[in-house]
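On a predicted model such as this, the values are computed, not experimentally measured, just so you know.
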Amino acid sequence: MDLEAKENALSGITAVILAGGKGSRVGHNKAFIKLGHTYLLELVLQNMSKIFDDIIIVTSRCDHDRILSIHSSHSSMQSCYRINVICDSDAGQGPLLGLLEALKVTKEEWLFLAGCDMPFINRSLVKHIYSLKNGNSQAVVPRFKGFLEPLHAFYHRSCLKEAEIIYGQGKRKIKDFYPFVNLSVSEESDMNAVKNYHRSFFNINDLYDLARAEKMLLPYPHGGLEEIFVNESDLRNLRLPETPLS
């Protein structure tokens with residue numbers, strides 16, 4: 001991490017990137033898809049390393065070695081101050097387990113949780129959301145377009161107990177433990193003071209989103225996300241992994 005990025009980083013917080021999903025709608029683990037010539041995971045890490053100096057990647061056992069290989073092969077990923085790659089204890093159990101695994105190993109009081117399919121996370125927005133915590137907050141979650149966004153949110157280590165209880169009851173959604181912790185909410189009416197805040201919530205769910213993301217890497221268009229359209233040639237030019245992952 002360079003000096004300027006280090007000075008702008010949020011200290012005492014660990015960023016957690018969930019990278020263990022199968023990406024069923026794109027046919028691959030989305031971490032290994034490329035935007036341009038850069039792995040999607042690498043783009044997320046480039047953003048995160050400008051905000052945090054401690055990063056955990058949570059992935060599946062079958063993808064662990066490949067993520068380590070990408071990390072060792074790409075200088076931009078090595079530039080992060082500290083990256084720890086850990087595995088889910090049980091594959092395919094969803095984001096709640098990923099959060100639990102990170103809460104168990106972090107040495108910091110707070111985590112910021114995001115997905116590996118969110119390449120445009122906005123540093124100013126992240127700092128704004130974190131500023132809304134108070135002395136009682138256990139989670140600070142933004143509400144975007146009327147919905148709470150658990151994968152663009154902060155969690156205190158004290159969430160671990162309630163999250164474990166909910167997971168033990170067979171529930172797999174992060175939101176399932178919200179009623180049992182002190183939740184602070186960042187409303188969109190406040191977030192809109194951050195320029196282009198909506199881009200921060202953009203995530204890649206399918207090939208259409210992937211093509212839109214390719215265009216978003218170009219100089220920022222005059223319109224919003226809704227005005228970024230793709231055509232068949234855009235979809236044909238996508239760079240997917242050569243071999244589908246099991």
Side-chain angles (χ1 to χ4, degrees), residues 9-22 30-31 44 48 51-61 63-64 82-118 121 125-191 200-201 203 205:
L10 284 171
S11 60
I13 304 169
T14 297
V16 178
I17 302 170
L18 302 184
K22 292 184 177 181
K30 290 181 278 189
V44 175
M48 290 294 202
I51 309 172
F52 306 96
D53 57 15
D54 186 20
I55 298 174
I56 294 174
I57 301 172
V58 185
T59 189
S60 62
R61 295 187 186 279
D63 291 333
H64 178 268
R82 186 165 61 246
I83 295 179
N84 184 19
V85 183
I86 65 174
C87 295
D88 285 327
S89 55
D90 190 7
Q93 295 303 307
L96 178 57
L97 180 59
L99 175 59
L100 282 172
E101 303 290 10
L103 286 169
K104 290 175 183 178
V105 302
T106 183
K107 297 179 181 178
E108 305 293 354
E109 292 294 313
W110 284 91
L111 301 178
F112 177 78
L113 187 68
C116 70
D117 60 351
M118 303 174 72
I121 290 174
L125 181 62
V126 169
K127 288 186 173 184
H128 167 74
I129 294 169
Y130 185 65
S131 73
L132 297 178
K133 72 179 180 66
N134 57 53
N136 296 319
S137 299
Q138 292 177 279
V140 189
V141 184
R143 195 191 320 268
F144 180 61
K145 294 187 176 181
F147 297 94
L148 292 173
E149 295 287 343
L151 295 188
H152 196 296
F154 288 90
Y155 300 92
H156 190 267
R157 283 198 303 181
S158 60
C159 289
L160 178 59
K161 179 180 178 181
E162 299 299 339
E164 283 185 318
I165 291 173
I166 291 299
Y167 185 82
Q169 294 174 352
K171 299 178 181 178
R172 295 296 181 262
K173 294 181 180 179
I174 293 174
K175 294 179 184 180
D176 288 336
F177 76 81
Y178 284 177
F180 307 102
V181 298
N182 293 316
L183 188 71
S184 297
V185 177
S186 175
E187 298 292 353
E188 193 164 1
S189 57
D190 297 321
M191 293 187 290
S200 197
F201 296 103
N203 67 304
N205 288 314

**Test item: T106 side-chain N/O and L103 main-chain N/O as donor-acceptor pair under 3.5 Å** = no

**Asked** If you look at every heavy atom in R172 and Y167, which pair is closest and at what distance?
**Response** NH1-O, 2.9 Å

**Request:** Quick one: pull up CZ in R143 and CD in E188 and give me the separation to the nearest 0.5 Å.
**Result:** 10.5 Å

**Prompt:** Would you say L111 and L99 make side-chain contact, with heavy atoms under 4.5 Å?
**Reply:** yes

**Prompt:** Looking only at atom types and distance, does a side-chain atom of E101 sit under 3.5 Å from a main-chain N or O of S89, one as donor and one as acceptor?
**Reply:** yes

**Asked** Does K175 use its side chain to pair, donor to acceptor, with the backbone of L148 at less than 3.5 Å?
**Response** yes

**Asked** Under 3.5 Å, is there a donor-acceptor pair linking the side chains of D88 and S60?
**Response** no

**Prompt:** Within 45 degrees of the axis of the six-membered ring of Y130 and under 6.0 Å from its centre: does K133 put its NZ or CZ there?
**Reply:** yes

**Check: N182 side chain, N136 main-chain N or O, donor-acceptor pair, under 3.5 Å** = yes

**Item:** Flag for S200-H152: side-chain donor and acceptor within less than 3.5 Å
**Value:** yes

**Fill in**
Here the pair of heavy atoms bringing A102 nearest to I56 is O-CD1, 4.4 Å

**Message:** Any non-hydrogen side-chain atom of L151 less than 4.5 Å from a side-chain atom of L18?
**Reply:** yes

**Prompt:** Is there a donor in the side chain of T14 and an acceptor in the side chain of E108, or the other way round, less than 3.5 Å apart?
**Reply:** no

**Request:** To the nearest 0.5 Å, tell me how far N203 CG sits from D117 CG.
**Result:** 4.5 Å

**Message:** Within the 4.5 Å heavy-atom criterion, are Y155 and V16 side-chain neighbours or not?
**Reply:** no

**E149 side-chain N/O to F201 backbone N/O, donor-acceptor pair under 3.5 Å** = no

**Asked** Under 4.5 Å between any side-chain heavy atoms of R157 and W110, yes or no?
**Response** no

**Asked** Quick one: are V126 and I121 in side-chain contact, heavy atoms under 4.5 Å?
**Response** yes

**Request:** Flag yes if more than 12 heavy atoms outside K104 fall under 6.0 Å of its NZ atom; otherwise flag no.
**Result:** yes

**Prompt:** Do any N or O atoms from the side chain of T59 and from the backbone of H64 form a donor-acceptor pair under 3.5 angstrom?
**Reply:** no

**Asked** Between I86 and V105, is any pair of side-chain heavy atoms under 4.5 Å apart?
**Response** yes

